[in-house]
There are 2 protein chains.
Amino acid sequence: MVKYADADLDRTFAALADPTRRALLTRLEKEDSLSVSELARPFPVSLPAIMKHLDVLSDAGLITRAKTGRTVACRLNAGPMEEAMNWLARYERFWSASLDRLARFVEETGEEDR
Amino acid sequence: MVKYADADLDRTFAALADPTRRALLTRLEKEDSLSVSELARPFPVSLPAIMKHLDVLSDAGLITRAKTGRTVACRLNAGPMEEAMNWLARYERFWSASLDRLARFVEETGEEDR
DNA sequence: CTGATACTTAACTTTATGGTTAAGTATGCC
DNA sequence: GGCATACTTAACCATAAAGTTAAGTATCAG
């Protein structure tokens, strides 16, 4: 039996499985840095609920938080998404033959491009 | 309202958040078609537990099941992964500038390549 | 010092997840 | 028919997830 130590992927995919959390990430993709209350404002749930979502995102390494005075600035940290994307990329050939050829192009070109 | 079509994404990411389910998908990526008991064999959990995982994968549209006689053939259906990957692709620029350029190349080239 | 602002923590409820064992159904084989 | 194989369903359990309200802490503005 093969034991996988990819708890990171578990956390990343689990964090992405909630629409509120994806919306939070989407906002941080556009805004670069937002406070907790700015992030919470558009959502119809309580602030503690948003806090919990931010904890989940933080545990998954998808955001970072930095306190300055009484406000907490949240920033996107997309790093873990790359791992998730790499996992998915193995399946690309099943939905697209042309993208499969392109994946090989990426692998070959990516090396010399670094 | 704006979004409720992303229940599909919810299910896809949630299905991918479990290591056993990812391992099941990985096996189906290599084997094309496997019966329930063949799929279950390598895992240290009971058959009903595997059944539940297959139900989750099925609900997410990531596998299809076809019964022939008393055996059930499971096949990968990667379609929903494409949606997940597209969602993630928006964040590529945060971890890789060169992959961002390549993403544009995909968009431009993908069209005429179809 | 006071009060408002910006979180944070605590306690609790409800529902979902991931597992179990045990029993049930359907098919294939002698 | 009778029995093994291949799932399937049922009932149950423990823990985690996602939300609530209420109360607590820390900082800035006056």
Side-chain angles (χ1 to χ4, degrees), chain A residues 1 3-25 27-28 31 33-75, chain B residues 1 3-4 6-28 31 33-75:
Chain A
M1 187 215 129
K3 184 65 185 175
Y4 297 106
D6 36 28
D8 286 353
L9 264 189
D10 291 8
R11 274 190 289 270
T12 304
F13 280 128
L16 295 176
D18 185 278
T20 301
R21 286 194 291 264
R22 285 199 307 278
L24 287 167
L25 292 172
R27 289 199 65 209
L28 286 171
E31 296 287 333
S33 174
L34 287 167
S35 71
V36 171
S37 37
E38 281 170 335
L39 274 170
R41 207 173 340 268
F43 296 96
V45 296
S46 67
L47 189 58
I50 296 293
M51 293 289 275
K52 287 191 185 181
H53 284 306
L54 294 178
D55 288 344
V56 172
L57 291 171
S58 201
D59 288 351
L62 289 166
I63 62 166
T64 58
R65 286 180 287 193
K67 189 160 206 162
T68 318
R70 59 183 164 168
T71 74
V72 173
C74 301
R75 295 174 149 274
Chain B
M1 271 309 271
K3 53 195 71 167
Y4 277 106
D6 38 46
D8 286 351
L9 263 189
D10 292 8
R11 274 188 289 268
T12 303
F13 280 128
L16 296 176
D18 185 278
T20 301
R21 286 194 292 265
R22 285 199 306 279
L24 287 167
L25 292 172
T26 299
R27 290 199 64 207
L28 286 171
E31 296 286 332
S33 174
L34 287 167
S35 72
V36 170
S37 36
E38 282 170 335
L39 274 170
R41 207 173 340 268
F43 297 97
V45 296
S46 67
L47 189 59
I50 296 293
M51 291 291 273
K52 287 191 185 180
H53 284 306
L54 294 177
D55 288 345
V56 172
L57 290 171
S58 201
D59 288 351
L62 289 167
I63 62 166
T64 58
R65 285 180 287 193
K67 189 161 206 162
T68 319
R70 59 183 165 170
T71 74
V72 173
C74 300
R75 296 176 147 272

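Just so it is clear: chains get the letters A, B, ... in the order the sequence lines come, proteins before strands, and each one is counted from 1.
In the set C:dC7, C:dG19, D:dT20, C:dC7 carries the atom at the smallest distance from any side-chain atom of A:Met51. Candidate nucleotides C:dA6, D:dT20, C:dT8 were compared by shortest atom distance to the side chain of A:Ala49, and D:dT20 ranks first. Ranking D:dT20, C:dG18, C:dA6 by closeness to the B:His53 side chain, first place goes to C:dG18. The nucleotide whose nearest atom lies closest to any side-chain atom of B:Thr20 is, among C:dG19, C:dC7, D:dA6, C:dG19. Among D:dT21, C:dA6, D:dC7, the nucleotide with an atom closest to any side-chain atom of A:Thr71 is C:dA6. For B:Val72, the listed nucleotide lying nearest its side chain is D:dT8; candidates were D:dT8, C:dA10, C:dC7. The B:Asp18 side chain lies nearest to C:dG18 when the options are C:dT20, C:dG18, C:dC7.
Salt-bridge annotation for A:Arg65 and A:Asp55: present, with a side-chain N of the basic residue lying under 4.0 Å from a carboxylate O of the acidic one.
Here B:Ser46 lies in heavy-atom contact (under 4.0 Å) with a base. A:Arg21 comes within 4.0 angstrom of sugar-phosphate atoms only, judged by non-hydrogen atoms across all strands, and of no base.
The distance from atom CG of A:Leu16 to atom P of D:dA18 is 12 Å, rounded to the nearest whole Å. Computed from coordinates, the A:Asp55 CG to C:dT9 P distance equals 8 Å when rounded to whole Å. Distance NZ (A:Lys52) to P (C:dT15): 15 Å, rounded to an integer number of Å. The CD1-C1' distance, from B:Ile50 to D:dC7, rounds to 13 Å in whole Å. Straight-line distance from the CD atom of B:Glu38 to the P atom of D:dC7: 8 Å, rounded to whole Å. Atom CZ in A:Arg11 sits about 18 Å away from atom C1' in C:dT17, given to the nearest Å. The CZ-C1' distance, from B:Phe43 to C:dT20, rounds to 18 Å in whole Å. Rounded to an integer number of Å, the gap from A:Leu54 CG to D:dA17 P is 16 Å.
Shortest non-hydrogen contact noted between A:Leu16 and B:Phe13 is O-CD1, 3.4 Å. Residues B:Ala14 and A:Ala17 share a closest heavy-atom pair of N-CB, 3.5 Å.
Taking CG from A:Leu54 and CD1 from A:Ile63, the interatomic distance works out to 4.5 Å, rounded to the nearest 0.5 Å. One finds the CG atom of A:Leu57 at 10.5 Å from the OG1 atom of A:Thr12 (value rounded to the nearest 0.5 Å).
Taking only side-chain nitrogens and oxygens, B:Lys67 comes nearer than 4.0 Å to OP1 or OP2 of D:dT8.
Both A:Val56 and A:Thr68 lie close to DNA chain D; mapped to their nearest nucleotides by heavy-atom distance, the more 5′-ward contact belongs to A:Val56. The residue among B:Pro48 and A:Arg70 whose nearest nucleotide of DNA chain C lies closer to the 5′ end is A:Arg70.
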